[in-house]
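Here is the structure we will look at, set down as structure tokens.
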Amino acid sequence: MALRVYNTLSGSKEEFVPITPGKVGMYVCGVTVYDNCHIGHARANVVFDMIFRYLKASGYDVTYVRNYTDIDDKIINRANRDGVAYNEISERFIKEFDIDMARLMLQLPTHQPKATEHIGEIIALVEKLIEKGYAYQSDSDVFFRVDKFATYLKLSKRNLEDMQAGARIDVDERKEHPMDFALWKGAKPGEPYWESPWGNGRPGWHIECSAMSMKYLGETFDIHGGGKDLIFPHHENEIAQTEAATGKPFVKYWLHNGFVNINAEKMSKSLGNFFTIKEVLDRYDAEVLRFFLLSAHYRSPIDFSDQNLNEADQGIERIYKALAGIDERLAAGCPGAAAGEETAELEEKLGTLAARFAEAMDDDFNTALALGHLFDLVRSVNKALPMAGKELLERVKAEVAGIAKVLGVCDTVPAEFLKRMQERKSSALDISVAEIESLIEERAAARKAKDFKRSDEIRDLLLSKNIQILDSAQGTTWKAK
RNA sequence: GGCGGCGUGGCCAAGUGGUAAGGCAAAGGACUGCAAAUCCUUUAUUCCCCGGUUCAAAUCCGGGCGCCGCCUCCA
């Protein structure tokens, strides 16, 4: 039972063998901080958070680095538009990013470096590339010489000729080859800049990741991740720069997550069909969103829609209801505990859960299958609950907690989660709690008087307002649907 | 045009050679004054289509159709 991961570089699943036994170095491309993040960013970050958690749970000592790209054309454009300094924009959206990630229950990476705090390392790397003949200055820009790097495009598996045939970009006369890319960009008047041997300027987009990943993880490290859209050009260029400079392999395993789609089309800024994390969290619980994102394999596209989010909501509530049932029974002292067919089934499911979970996760982080196993357990729990004893229920809780910690879902106290969902749904009702409760009292009186016509009228009236009546031996409660 | 991916029940989604997980939804039953929740049962002889390989294919090979992504910044 060993972890296998899909490596974009080889195009196949490979056994995960870290460079240094017991340790993992992982770098994930963060965001360019020029605006609020959308659900696509949420997916990438949740996915790699899950991977980070699972590697740790598997016993690895993980160094996880996720950068902030805090200097870039988009940041400058936004700053000009808003009439503020570039760093006002970057600092603001770093804060917003941190808030969003915290709401999505992400664990903090080991390091979160910023490009602007590594200008020295970037300049040194560019100088080394010039020295080795892999880069050249042209005006106040520095470009990477792609045809000098023999294995260029090995990650995206293309060739230079085809790329140029399909190229839609204007040819820059200052480049030796149309595909050469910028390592350093000279500053135009009014732009932010740092001093360099090539004049005042700023780093190109790709070089920062090479400089920062090497600084924190060494010249060769285990895992580099990001969205599929970064394969070309970003990751391809990172490989070229870094391997040209060091002469060593850059990264052992390249992992890429699939897109979030809207109506089967990629969510993106340019298409304008995106939802920000903040917008979505106004309408859905963060844990529901996380659950939704983990309900498909991380490499598959996932379709964002109200229906799919509502299904995720129903699904996670099913799990929490079972867990809440366990807590209630434990609090009541497990009356009438007895072994039977049902508890035997639960024992059996429980005994294999950890192994089935590990097997799913070891197969390229198959969270969809892992969640399936959790639902499987839930069914057995519900069945056995009326007769289950304390020891068995405590074990269920412990096993589920272990899984919840890795996935970052179902990790809340069940009663609190369900209450939170109720509050969220209740706040959307167009009827006050006082009105609901008075109607319920009236219904109780009608029921007592066997006036079922009236009691049913009240129930249907409430139902029409999305309120479900729940009768039990302890009395009547209600919930928002 | 080049490269890559996908097509599994009403919907979502696992499953890469051994005879279709799981969730949502729906229907019937138990429970209930009636409901809801929960439990039980049912819902793909079949995995886009057509060929082929094999004792055996959703899974491999060939062809076709459809959808998507990358090739420009993008998670």
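It should be emphasised that the depicted structure is a prediction, and the values quoted were computed from it without experimental measurement. Convention: sequence-line order gives letters A, B, ...; per-chain numbering from 1. For the numbers below, each heavy atom of this structure counts, side chains included, while hydrogens, waters and symmetry mates do not.
- Side-chain proximity of A:Phe259 to B:C11, B:A13, B:G69: nearest is B:G69.
- With the nearest nucleotide of RNA chain B identified for both A:Asp456 and A:Gly227, A:Asp456 has the one nearer the 5' end.
- Using Watson-Crick or G-U wobble geometry with both donor-acceptor distances under 3.5 Å, B:U46 finds no partner in any strand shown.
- Judged by closest nucleotide on RNA chain B, A:Leu371 is the one of A:Leu371 and A:Phe452 placed further toward the 5' end.
- At B:U16, none of the side-chain N or O atoms of A:Ser12 fall inside 4.0 Å of OP1 or OP2 (strictly under the cut-off).
- Separation of the C1' atoms belonging to B:G4 and B:U41 is 45 Å when rounded to the nearest angstrom.
- Protein atom NE2 of A:His256 is 15 Å distant from nucleotide atom P of B:G5, rounded to whole Å.
- Within the nucleic acid shown, A:Arg158 comes within 4.0 Å of at least one base atom, counting heavy atoms only.
- The partner of B:G51, taking Watson-Crick or G-U wobble pairs whose two distances both stay under 3.5 Å, is B:C61.
- Counting atom types as modelled, A:Asn366 pairs no side-chain N or O with a base atom of B:G15 as donor and acceptor under 3.5 Å.
- Of all nucleotides present, none satisfies the Watson-Crick or G-U wobble test against B:C31 with each distance under 3.5 Å.
- If you check every strand for non-hydrogen atoms under 4.0 Å, A:His234 touches nothing.
- Here the separation of B:G52 from B:U45, taken at their C1' atoms, is 22 Å to the nearest Å.
- Pairing for B:C6 is with B:G66, a Watson-Crick or G-U wobble pair whose two hydrogen-bonding atom distances lie under 3.5 Å.
- Between A:Val251 and A:Trp254 there is a side-chain heavy-atom pair separated by less than 4.5 Å.
- The A:Leu369 side chain lies nearest to B:A21 when the options are B:A75, B:G69, B:A21.
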Exercise for review: Could you walk me through whether A:Tyr68 and A:Gln112 pass side chain to side chain donor-acceptor pair (under 3.5 Å), step by step?
Suggested key: CA-CA 7 Å; A:Tyr68 296 104; A:Gln112 298 189 81; 2.9 Å; yes
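- Using Watson-Crick or G-U wobble geometry with both donor-acceptor distances under 3.5 Å, B:A21 finds no partner in any strand shown.
- The same atom, P, is picked in B:A44 and in B:A21; the two are 11 Å apart, to the nearest Å.
- Among the atoms of the strands shown, none is found under 4.0 Å from any heavy atom of A:Val28.
- A cation-pi arrangement is present between A:Lys266 and A:Phe259, with the terminal nitrogen or guanidinium carbon under 6.0 Å from the aromatic centre and inside a 45° cone about the axis.
- Under the 6.0 Å cut-off for aromatic ring centres, A:Phe304 and A:Phe275 qualify, their centroids lying closer than that.
- Look at the P atom in both B:U46 and B:C3: the space between them is 36 Å, to the nearest Å.
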Study note, to complete from the structure: The contact string for nucleotides 35-40 of chain B, one letter per nucleotide 5' to 3', using protein heavy atoms under 4.0 Å with B, S and - for base, sugar-phosphate only and none, comes out as BB-SSS
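- Here A:Gln314 reaches the OP1 or OP2 of B:A25: one of its side-chain N or O atoms lies under 4.0 Å away.
- A:Tyr86 and A:Asp70 share no donor-acceptor pair across their side chains, judged by distance under 3.5 Å alone.
- Interface remark: the A:Arg299 side chain does not form any donor-acceptor pair with the B:G5 base, using a distance-only criterion of under 3.5 Å.
- Residue A:Asn257 is classed as a base contact, given a heavy-atom separation below 4.0 Å to a base.
- Applying the Watson-Crick and G-U wobble criteria (two distances, each under 3.5 Å), B:G1 pairs with B:C71.
- Ring centers of A:Phe93 and A:Tyr34: at least 6.0 Å apart, outside the cut-off.
- Judged by a 6.0 Å distance limit and a 45° cone about the ring axis, A:Arg66 is not positioned over the six-membered ring of A:Tyr27.
- Going from the P atom of B:A57 to that of B:C65 covers 26 Å, rounded to whole Å.
- Between A:Phe375 and B:G22, no base-stacking contact is recorded for ring centres under 5.5 Å apart and planes less than 30° from parallel.
- The side-chain heavy atoms of A:Arg454 and A:Glu442, taken from C-beta on, include a pair separated by under 4.5 Å.
- Residue A:Lys228 is out of contact with every strand shown, counting any heavy-atom pair closer than 4.0 Å.
- Between the C1' atom of B:G69 and the CZ atom of A:Arg43 lies a distance of 13 Å, rounded to the nearest Å.
- Here B:A14 presents its P atom at 16 Å from CZ of A:Phe365, a figure rounded to the nearest Å.
- Distances shown here put a side-chain N or O of A:Lys266 below 4.0 Å from the OP1 or OP2 atom of B:C70.
- Taking only side-chain atoms of A:Ala368, from C-beta outward, the nucleotide of B:A14, B:C70, B:C12 with the closest atom is B:A14.
- Here B:A75 presents its C1' atom at 7 Å from CG of A:Asn45, a figure rounded to the nearest Å.
- Using a 4.0 Å heavy-atom distance criterion, A:Gly258 is classed as a base contact.
- Among the atoms of the strands shown, only primed sugar atoms or phosphate atoms (P, OP1, OP2) are found under 4.0 Å from some heavy atom of A:Pro233.
- Nucleotides B:U43 and B:G22 are separated by 12 Å at their P atoms, to the nearest Å.
- In this structure the side chain of A:Leu153 reaches within 4.5 angstrom of the side chain of A:Leu160, judged on heavy atoms.
- The only option from A:His256, A:His206, A:His224 that meets the ring pair (Phe, Tyr, Trp, His ring centres under 6.0 Å) definition with A:His234 turns out to be A:His206.
- Atom CG in A:Asp100 sits about 14 Å away from atom C1' in B:A75, given to the nearest Å.
- Taking atom C1' on both B:G18 and B:G7, the two are 24 Å apart, rounded to the nearest angstrom.
- A gap of 10 Å separates the C1' atoms of B:C31 and B:A37, to the nearest Å.
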